[in-house]
Undergrad: 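I have a structure I would like to understand better, so I am pasting it below and will then ask my questions one at a time.
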There are 2 protein chains.
Amino acid sequence: MRDVAERAGVSRMTVSRALNDPESVKEGLRKRVLSAVYELGYVHNHLARSLSSRSSKVIGLVLPSLENSIFAQTVKGVSDLLRPLGYHLMVTECGNEPKDEERVIAAFIAQRVGGLILHGTHHSPVAVRMLQGSGTPVVENGDIPADPIDMVASYSNREAARAMTLHLARLGYQQIAFAALAANPRGATRSLGYDDALAELGRPADPRLKIEVSRGFAGGAEAIAHIAAIMPEADALFCAGDVMAVGALFECDRRGWKVPGRLAIASFDDLELMRHVSPAITSLHLPRYEMGKRSAEMLLSRIEGRELPVPVLDLGFEIVQRAST
Amino acid sequence: MRDVAERAGVSRMTVSRALNDPESVKEGLRKRVLSAVYELGYVHNHLARSLSSRSSKVIGLVLPSLENSIFAQTVKGVSDLLRPLGYHLMVTECGNEPKDEERVIAAFIAQRVGGLILHGTHHSPVAVRMLQGSGTPVVENGDIPADPIDMVASYSNREAARAMTLHLARLGYQQIAFAALAANPRGATRSLGYDDALAELGRPADPRLKIEVSRGFAGGAEAIAHIAAIMPEADALFCAGDVMAVGALFECDRRGWKVPGRLAIASFDDLELMRHVSPAITSLHLPRYEMGKRSAEMLLSRIEGRELPVPVLDLGFEIVQRAST
DNA sequence: ATCCAGAAAGTTACCGGTATCAAACCTTGT
DNA sequence: ACAAGGTTTGATACCGGTAACTTTCTGGAT
């Protein structure tokens with residue numbers, strides 16, 4: 001920057017102003033500065049800028065996994081909002097271990113990001129302390145937590161699971177099985193919603209209807225195997241994981257089970273794939289894109305000093321009824 | 001940091017050393033410093049560190065899209081290597097527009113990342129100039145470019161497409177159609193490999209066999225519609241895009257076409273889904289994970305000053321023959 | 001012509017660390 | 001006991017910007 005200043009025959013401060021707030025520098029000088037910038041191929045150093053101004057135009061996004069296309073929409077929502085405003089997005093994966101999330105969060109704070117979006121809602125106490133201590137604005141958006149760190153923009157896993165279970169009951173299914181990923185916090189929350197629904201319906205909670213499976217397509221096949229072996233009376237299966245429902249459908253195909261004749265299948269996430277398999281799978285459509293966009297909005301409001309009227313935003317969900325139920 | 005130093009009764013320099021190179025500070029002082037750090041809840045400022053040391057522990061990864069699960073493996077490869085070494089990964093999406101990529105690259109350089117991994121191999125001249133001017137180590141890894149910016153770790157799209165086409169010919173298919181995404185640079189390169197193979201086989205290049213489609217499952221359906229309408233003699237379809245082959249398979253199902261009886265289908269990328277649909281789809285298995293891992297390795301070697309024996313690494317590919325061909 | 005308010009440009013100090021070199025402190029061999 | 005040589009620790013400058021304040025220009029109004 002010194003070089004640019006010398007070349008343009010002005011002070012460093014003027015260069016800084018010409019770049020960050022062009023209006024405040026007179027036409028002539030501004031032109032001299034900008035052409036010097038161009039000639040020298042100068043690239044602004046955001047590091048120094050952030051250090052000096054104590055504010056950064058980088059927003060961090062922490063996701064449980066990047067392997068999962070369900071988060072793509074959220075990323076897009078955040079990114080679409082941020083890009084035109086000159087903010088940059090930094091995405092990181094944190095797995096399901098609170099310890100890993102802690103490390104990722106520490107790294108973000110160490111870099112003094114302007115704000116943070118966390119997909120998870122279960123955080124280690126250390127992480128929470130760091131976040132609150134650092135004063136970084138935070139939005140959580142994978143669920144509606146009982147005790148938010150700062151702001152929230154999400155749907156409720158528990159409510160959504162409850163709604164889908166009631167929907168299946170309304171369609172006349174009597175023995176609704178529920179399959180979730182083992183050791184997955186969101187799966188556990190969804191399971192509560194399923195319980196809520198059964199309780200509302202006055203149905204007993206049969207442990208044979210609750211299935212824990214591994215991730216991916218394989219999980220769906222495991223769920224079907226469980227039903228075949230332990231609970232053949234089940235007439236509907238509600239899969240609380242992304243591709244699990246498709247795996248279950250494929251497995252039914254292999255076994256010659258009619259869907260929904262022998263077993264109805266419903267899915268938690270409305271991946272594009274759900275519309276394309278045959279039969280198309282009934283799904284909960286979650287506001288993934290909206291979550292990203294609103295999270296980013298809330299963050300920017302806070303960063304720019306506007307206090308928020310509603311720091312907890314419930315974006316709801318939608319049941320998409322298709323041929324599989 | 002000043003507070004920590006005062007509390008421990010040492011100089012700031014000693015604190016810095018106790019944190020970055022504990023060996024170099026004697027037991028007693030180190031303990032005093034570390035407990036002061038803990039008591040004050042001090043979080044290191046990476047911004048200042050990078051600015052001062054002119055080196056950053058952040059690696060940037062630029063992907064065309066995050067919606068696409070094929071990149072997940074690459075992310076994982078990079079991340080697995082980086083994490084234990086204390087480096088952090090920053091992932092960004094750049095679309096297929098060179099202008100967008102340019103903006104993303106500029107932002108990374110402005111933040112003085114330690115190294116950059118680019119998935120694309122078509123870059124605007126401005127981007128190349130910025131990269132070379134800034135001296136940032138770069139690995140390209142979506143293809144083997146004719147004229148690399150710096151280092152490369154990839155497979156060759158052209159070679160892979162050629163190999164699959166020859167494989168289909170070897171299986172006896174006479175009229176092999178090829179479908180690629182419209183306006184996709186990698187699609188165009190793959191198309192060249194398909195041409196190579198036909199030329200080697202001495203078969204004429206029939207323009208009716210080349211199909212341009214839109215992305216997603218829909219593209220596969222379009223390809224089948226094209227074949228039905230324009231080129232019903234085709235007996236095999238080679239899809240040069242991720243989920244396109246599955247879309248094509250579903251469409252065949254809808255039309256009652258036997259796969260591979262009426263039409264064989266082969267895919268470019270070996271998504272997990274390919275194994276689970278029925279029939280399972282023959283695919284090119286690409287070294288996605290390896291690409292990420294080796295890219296990160298190369299980057300770190302360069303960053304740590306080790307010159308590399310082979311700055312262009314061809315990681316090959318593998319044809320996985322399944323029931324669809 | 002003089003004065004003055006507001007705009008434009010410059011000065012200085014500091015953001016929070018590390019590089020570099022000098023000073024103080026130990027060992028060890030003779 | 002002392003010089004030599006290696007380790008620890010400290011002092012100072014600087015990384016590349018911006019905030020806050022000061023000075024210098026402007027262009028009317030008096």
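Remember, it's a predicted structure, so these values are computed and weren't measured experimentally. For the numbers below, each heavy atom of this structure counts, side chains included, while hydrogens, waters and symmetry mates do not.
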Undergrad: D/dC15, C/dG10, D/dG10: which one has an atom nearest the side-chain heavy atoms of A/S11?
TA: C/dG10
Undergrad: Quick one: which of A/H123, A/E97, A/M130 gives a side-chain contact (heavy atoms from CB on, under 4.5 Å) with A/E102?
TA: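 Passing option: A/M130.
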Undergrad: Which listed nucleotide (C/dA9, D/dC15, D/dT9) is nearest to the side chain of A/T14?
TA: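 Taking heavy atoms from C-beta onward, the closest nucleotide is C/dA9.
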Undergrad: With nearest nucleotides of DNA chain D determined for B/V10 and B/A48 from heavy-atom distances, which residue corresponds to the more 5′ nucleotide?
TA: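 So the residue in question is B/V10.
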Undergrad: Output the rounded distance in Å from CG (A/L29) to P (D/dT26).
TA: 10 Å
Undergrad: In whole Å, I'd like the distance from the CD atom of A/E27 to the P atom of D/dC25.
TA: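 Distance check: A/E27 CD to D/dC25 P gives 21 Å.
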Undergrad: For A/H44, which contact category applies under a 4.0 Å heavy-atom criterion: base, sugar-phosphate, or nothing?
TA: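 Result for A/H44 = sugar-phosphate.
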Undergrad: Using the side-chain heavy atoms of A/K26, tell me which of these nucleotides is nearest: D/dG16, D/dG17, C/dA9.
TA: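 The answer is C/dA9.
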Undergrad: Send over the distance from B/M13 CE to C/dG16 C1', rounded to a whole Å.
TA: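 The distance from CE of B/M13 to C1' of C/dG16 comes to 12 Å, rounded to the nearest Å.
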Undergrad: Whole angstrom is fine here: how far is it from NZ in A/K57 over to P in D/dG17?
TA: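 Rounding to the nearest Å, NZ of A/K57 and P of D/dG17 are 17 Å apart.
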Undergrad: If the cut-off is 4.0 Å, is B/R54 near the phosphate of C/dA19, judged by side-chain N/O to OP1 or OP2?
TA: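 Negative; the distance criterion is not met.
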Undergrad: For the pair made of CG in A/L51 and C1' in D/dA19, what is the distance, rounded to whole Å?
TA: 13 Å
Undergrad: Considering all heavy atoms of both residues, which atom of B/G114 and which atom of B/P137 are nearest to each other, and what is their separation?
TA: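 Scanning both residues, the minimum pair turns out to be O-CD, 3.2 Å.
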Undergrad: Which nucleotide, C/dC15, D/dG17, C/dG17, lies nearest any side-chain atom of A/R49?
TA: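 It is D/dG17.
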Undergrad: Could you list the residues that satisfy side chain to side chain donor-acceptor pair (under 3.5 Å) with B/R83, not counting sequence neighbours?
TA: B/S79
Undergrad: Whole angstroms only, please: what is the CG-P distance between B/L19 and C/dG16?
TA: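 After rounding, the gap between these two atoms is 16 Å.
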Undergrad: Got a salt bridge between A/R17 and A/D21, using NZ or NE/NH1/NH2 to carboxylate O under 4.0 Å?
TA: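 Judged by the 4.0 Å cut-off on N to carboxylate O distance, A/R17 and A/D21 do not form a salt bridge.
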Undergrad: Can you tell me which nucleotide in C/dA9, D/dA11, C/dT11 comes closest to the side chain of A/V25?
TA: C/dA9
Undergrad: Of the options D/dA19, D/dG17, C/dG17, whose atoms approach the side-chain atoms of A/S53 most closely?
TA: D/dA19
Undergrad: Counting only heavy atoms not in B/K57, do more than 12 fall under 6.0 Å of its NZ?
TA: yes
Undergrad: The side chain of B/R17 lies closest to which of these nucleotides: D/dT9, C/dA9, D/dC15?
TA: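 Selected nucleotide (nearest to the side chain): D/dT9.
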Undergrad: Checking all strands, does B/L47 fall into the base, sugar-phosphate, or nothing category for heavy-atom contacts under 4.0 angstrom?
TA: nothing
Undergrad: Look at the side chain of B/R12 and the base of C/dG16, then say whether one donor and one acceptor between them are separated by less than 3.5 Å.
TA: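 Flag unset: no donor-acceptor pair detected.
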Undergrad: Whole angstrom is fine here: how far is it from CG in A/N20 over to P in C/dA8?
TA: 16 Å
Undergrad: Atom CZ of A/R112 to atom C1' of C/dG16: distance rounded to whole Å?
TA: 9 Å
